[in-house]
Amino acid sequence: MTIHYSKDHEWIEIADHEAATVGITVHAQEALGDVVFVDLPEVGKTFKQGEVAGVVESVKAAADIYMPVTGEVVEVNEALRADPSLANSDPMGAGWFFKVLLQDKDMAEFDQLMDEPGYAKFTEGA
């Protein structure tokens, strides 16, 4: 399994050439505060890298969820829709947002994202 991070504070995990899982980072959920609502994308919809795929709302603010790679949404986390607080309690696990089938077969978009040390450096002092 490989996890990479976007500058917009999404994480994406690819495991064995299956659909990749996308969520928001611990840094993002800490900045947002208590998440109270998530607007998840429609299954079957295709997004280009960087397009808005959803919205997360907290008691403090609303933030767009950006697609970290070009692909088709193949599953959304219905448990998160029912209990948005999962984005706070387990953002890198049960609080995932959606799964996407990558359209960039050579992985170039994924490889352009930050690895964990790169993301940690990016968020230092943020």
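Between atom OG1 of residue Thr21 and atom CZ of residue Phe98 there is a gap of 10.0 Å, rounded to the nearest 0.5 Å. The CE atom of Met67 sits 12.5 Å away from the CG atom of Asp8 when rounded to the nearest 0.5 Å. Rounding to the nearest 0.5 angstrom, the gap separating the CE atom in Met92 from the CD atom in Gln29 is 11.0 Å. Distance check, rounded to the nearest 0.5 Å: CG of Leu102 to CD1 of Ile14 gives 4.5 Å. In this structure, the separation between NE2 on His4 and CD on Glu13 is 11.0 Å, given to the nearest 0.5 Å. Taking CG of Leu32 as the reference point, atom CG of Asn88 lies at 8.0 Å (rounded to 0.5 Å).
Residues Val43 and Val69 are members of one and the same hydrophobic cluster, defined by side-chain heavy-atom contacts under 4.5 angstrom among Ile, Leu, Val, Met, Phe, Trp and Tyr. Tracing side-chain contacts under 4.5 Å through hydrophobic residues (I, L, V, M, F, W, Y), one reaches Leu86 starting from Val76; they form part of the same cluster. In the hydrophobic cluster analysis, where Ile, Leu, Val, Met, Phe, Trp and Tyr join through side-chain heavy atoms closer than 4.5 angstrom, Leu80 is grouped apart from Tyr66. In the hydrophobic clustering of ILVMFWY residues, with side-chain heavy atoms under 4.5 Å counting as a link, Met114 and Val26 come out together. Both Phe47 and Met107 belong to a common hydrophobic cluster when Ile, Leu, Val, Met, Phe, Trp and Tyr are linked at side-chain heavy-atom distances under 4.5 angstrom.
The distance between the ring centers of Tyr119 and His9 falls below 6.0 angstrom.
By the 4.5 Å heavy-atom criterion applied to side chains, Val36 and Pro84 are not counted as neighbours. With contacts defined as side-chain heavy-atom distances shorter than 4.5 Å, the pair Thr2/Phe110 qualifies. Side-chain contact between Glu42 and Val73: absent, with no pair of heavy atoms (C-beta onward) separated by less than 4.5 Å.
In plain terms, the two heavy atoms of Ala53 and Pro41 that are nearest each other are O-CB, 3.1 Å. Between Thr25 and Trp11, the closest heavy-atom pair is N-CD1, 3.8 Å.
Looking at Glu10, its side chain never comes within 3.5 Å of a backbone N or O of Gly23 through a donor-acceptor pair. Side-chain atoms of Glu109 come within 3.5 Å of backbone atoms of Thr70 as a donor-acceptor pair (strictly under, hydrogens ignored). Judged purely by atom type and a 3.5 angstrom limit, Asn77 uses its side chain to pair as donor or acceptor with the backbone of Ala94. With Trp96 contributing its side chain and Val22 its backbone, the two residues share no donor-acceptor pair below 3.5 Å.
Residue pairs meeting the salt bridge (Lys or Arg N to Asp or Glu O under 4.0 Å) criterion with at least one member in residues 56-83, sequence neighbours excluded, are Glu78-Arg81.
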